[in-house]
Amino acid sequence: MQAFAALLDALSYQPARNAKLRLIETYLRETPDPDRGWALAALTGGLDFPAAKPALLRGFGEDKIGPELFHWSYDYVGDLAETLSLIWETGPDAGPPPTLGEVVDTLQRATKMQTPAILKRWLDALDATGRWALLKLLTGALRVGVSARLAKQAAANIGNKSVDEVEEIWHGLTPPYRPLLDWLLHDAPKPSTNAGGAFLPPMLANPIERAELEALDPAHFRAEWKWDGIRVQVAASGGVKRLYSRAGEDISAAFPDIIEAIDFEGVFDGELLVRRDETVAPFNDLQQRLNRKAVTPKMLKEHPAHVRLYDVLWLEGEDLRALSFDQRRARLEAWNAEKPRARFDVSPLVIFTDWAHLATLREQMTSDGIEGLMLKRGDSAYLAGRPKGPWFKWKRDPMLVDCVLMYAQRGHGKRSSFYSDYTFGCWREADGKRELAPVGKAYFGFTDEELRWLDKWVRDHTTNRFGPVREVAPELVLEIAFDGIARSTRHKSGVAMRFPRINRIRTDKPAAEADTIDSLVRLMP
Amino acid sequence: MTDTLDPRSWLYPTPRGLYCKPGDFYIDPAVAVPRAVITHGHGDHARPGHRAALATPETLAIMRARFEDMPDTQQQPLKYGESVQIGEVDVELAPAGHILGSAQAVLAYRGQRIVVSGDFKRRPDPTCPPFEPIPCDVFITEATFALPVFHHPSDMGEIGKLLRSVATFPERTHLVGVYALGKCQRVIRLLRAAGWDKRIWLHGGLMALCKLYQEQGVDLGDIAHVGDAILETFRGAIVLCPPSALADRWSRRFADPVPAVCSGWMRVRARARQSGAELPLVISDHADWGELCQTLKDVGAPKVWVTHGREEALVHMARSIGIDAEALHLAGRDEEDG
Ligand SMILES: [Zn+2]
Ligand SMILES: [Zn+2]
């Protein structure tokens, strides 16, 4: 556990990608099995045991030093696991600290009732860094700036293999990855790739702007709508059926309706959506499904999932990735024409003559379910990663609205000394009076310098305080950018914005001229 | 008599700083005053321009080095353990263990004793004598690290981390950010104690105070200014600089340096990341939470006034063990070095 804790600690302070790789490689080479395999699982999000609930950790902390001191400590540190690791003290006769293998093994067997006592014993035995690593592992949020892809790259490097080779066999493997590590480190045979339903590394697009398009020949490109869902891969072979997120996370359990509907063999690229009677529901509806561990029948009925396919990577035992986009598209359409399926359809191509024509189509499309356009070269093979040139995403311009700052709250961690979370509102008439109604919250979009300015403005214009929140004089106009807007019963104003952020501080604009709720409602599809 | 005397009637905060009325002097005032008692040489405690200043001989030497000799200030040195009467008040200076020359001001008036501890720490420091707990009626304490999350680990353990990193990356230069007064010289002494006897390189901004420490009898071994030495010289070397220099042009002369920062704030990850450190080292010249709590017990004062830092947590803790504690808001105290 201590070697793993030291690795996480060093990674968390290391900004450079290559140095991160070197740290992971060194760890994988020097640490014995099975710990290194468990560490690889932890870094790739492959460990699965009941996560410790924040309430449990908070309870531990409050018991140790009392609720007030714990609250102040947490408020200062900004991270629950870190706070607990810092206030706990190593016990005098706690015994030796556990190994990583022991931690994983014990937690997978322990009942819910046993976990707190085991956890306390480990906290006593570890030092502050060890406690921090243990708690990060238990709360399922390492956040050390290492993606699953980077960890797999490090694993590939120790065996002088390419990361795509590791990716291809990855989903046939389970932690602690003995066959994989034996192959990488000891020349053992390569683990079989025939395990069904393997995840294939996806091809990603680069963003592009209107002006940059002029350098490209429109005849070389195909256009599709960019659907506002989440990118998924549907993989089925040998009776194994799986749904993966773009990062390769297996999300099958949350979408039994999709899994049940798979009656084919192949690997497809598509967008996961909630769809009711031919209409794509707002992203909010999909989010309801994503955040659930257990899916209720009611949820399945009211939020039916759907996959809109736009590419095919494998079909009935044949790898199509080396074919051109146009060839794969023809295979996809032919396959789809054989048999219509309720839970799957094919994303239509958007037909256009030149970029100006496509720009017009993009502007006219106001559907909430569409984020913009995808542009793909007709002759592009399916390449893993984000190659420069073949695929582009041309997002819709964000919507803008002028709001008035109403409340500010202190941030966490690095921003704990700043008022960095802002609640803003729009005007509405009520009983013949004009008043501000809060419409959203934003805590990014500004530069460090703007943050300092906003913080000072908040302190200078405070009219009231409620704990960590300050109410300010309704005098500052903020231009808010957001990607979508939907009706909401949870918000008092009746609207909910998607990705609101502060676009500009409008000191030039009087607060009375900020937008009204009515103008926001008119932006709704 | 002492039972009825309200300590606030003779020592209290004013916009210029903490004022002692029967002695007509200020302690660590925020602006120039006619008469000041200075606990130690850090910028938020020692300021230029006082007509008269009383401090330890070491603190006065530091002030002269920082404030162009202070020809217009009448300087009154007072050694640890000696006492002097100012107006109706007896003043004595006791070691605070914070930096060279740092002192607690012990004030006695009509049988009542108040200790103004300035900044202090409890663990041994090779550059100054240790903090002396003085029993008193009112103890005024700092609260820089007054949260239970602050527990400074052993300083030799942290120095060990630095030396291990030097061994792991022998081709790189270790740039260690330290405050010029106190932290710098303590880190040098700790490195020497850990067996590092090679030359330690210094940023220009650290030279003057190191020289002063040497003149005061603190042996720093082989130190030298980075100056114009060529890049090759610094491979595998330890270079000390002010923390601000880690991010500026100056640091670009070193190939692929490992930035390290020595400060009590390094205990908290968000703060450590903010500092840009790849190697955060928790070495502090202030008392940590455990030391603060222990000190309140050691001095046994029935009343405690808490100044700069996280006052609310320390006031809460003190009240929970039956001490009459309150926060005292003083002008001009920054969140300092750590
Ligand atoms: Zn100080
Ligand atoms: Zn101070």
Side-chain angles (χ1 to χ4, degrees), chain A residues 6 8-16 18-20 22-23 26 30 61-90 127-133 135-136 142-145 411-418 420 448, chain B residues 143-154 157-158 160-161 164-165 168-169 171-172 246-247 256-261 264-282 288-290 292-293 309-321 327 334-335:
Chain A
L8 291 189
D9 188 46
L11 285 172
S12 74
Y13 292 116
Q14 181 49 256
N18 279 338
K20 282 185 191 194
R22 206 162 72 197
L23 288 167
T26 310
E30 291 176 356
E62 290 180 352
D63 285 352
K64 204 78 175 169
I65 57 172
E68 296 90 350
L69 288 176
F70 189 75
H71 170 79
W72 286 319
S73 297
Y74 179 33
D75 194 49
Y76 184 83
V77 174
D79 179 289
L80 187 58
E82 187 184 346
T83 308
L84 188 60
S85 76
L86 292 177
I87 61 126
W88 204 275
E89 281 161 30
T90 309
D127 65 7
T129 309
R131 286 190 289 270
W132 168 76
L135 294 170
K136 288 272 137 187
L142 294 182
R143 297 216 186 89
V144 291
H412 269 311
K414 169 171 151 173
R415 284 181 172 180
S416 56
S417 53
F418 290 106
S420 62
D448 287 355
Chain B
T144 308
F145 290 114
L147 276 178
V149 298
F150 291 109
H151 168 85
H152 309 326
S154 119
E158 297 298 287
K161 264 195 210 169
R164 264 198 307 285
S165 179
T168 314
F169 299 106
E171 76 287 4
R172 299 173 74 184
L246 287 175
D256 192 21
V258 178
V261 174
W265 302 115
M266 297 299 106
R267 175 85 169 162
V268 173
R269 281 165 193 280
R271 293 289 298 254
R273 269 195 288 274
Q274 204 172 11
S275 77
E278 264 177 51
L279 187 64
L281 300 171
V282 188
D288 67 10
W289 175 253
L292 288 167
C293 297
R310 266 130 283 278
E311 298 94 332
E312 54 187 1
L314 194 56
V315 166
H316 174 89
M317 194 289 302
R319 285 180 184 164
S320 76
I321 56 169
D334 311 327
E335 183 176 272

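Chain A is the first sequence line, chain B the second, and so forth, proteins listed ahead of strands; every chain is numbered from 1. Every heavy atom of this structure was used, including side-chain atoms; hydrogens, water molecules and symmetry mates were not. Not measured: the values here are computed from a predicted model.
- With chain A as partner, the option from E312(B), H151(B), M317(B) having the largest number of non-hydrogen pairs under 4.5 angstrom is E312(B).
- Contacts between P153(B) and chain A at a heavy-atom distance below 4.5 Å are absent for every atom of the residue.
- In this structure, L69(A) and L147(B) have side chains that are not in contact, with every pair of non-hydrogen atoms separated by 4.5 Å or more.
- With a threshold of 4.5 angstrom between heavy atoms, D9(A) approaches chain B through its backbone and through its side chain.
- In E62(A), the CD atom is crowded: over 12 heavy atoms of neighbouring residues, nucleotides or ligands sit closer than 6.0 Å.
- Heavy-atom distances place the side chain of A128(A), and not its backbone, under 4.5 Å from chain B.
- Between E278(B) and Q14(A), the closest side-chain pair of non-hydrogen atoms falls below 4.5 Å.
- Looking at W132(A), only its side chain comes within 4.5 Å of chain B, counting heavy atoms on both sides.
- Not one N or O on the side chain of R271(B) forms a donor-acceptor pair closer than 3.5 Å with the backbone of V77(A).
- The line from CH2 of W72(A) to CG of L314(B) is 10.5 Å long, rounded to the nearest 0.5 Å.
- The shortest distance between side-chain heavy atoms of Y76(A) and V268(B) falls below 4.5 Å.
- To the nearest 0.5 Å, the span separating CZ on R267(B) from CG on L86(A) amounts to 4.5 Å.
- A salt bridge is defined here as a Lys NZ or Arg NE, NH1 or NH2 lying under 4.0 Å from an Asp or Glu carboxylate O, and D75(A) with R310(B) fails to meet this definition.
- Note that CH2 of W289(B) and OG of S73(A) are 7.5 Å apart. Values are rounded to the nearest 0.5 Å.
- Separation of atoms CZ (R269(B)) and CG (D79(A)) is listed at 9.0 Å; rounding is to 0.5 Å.
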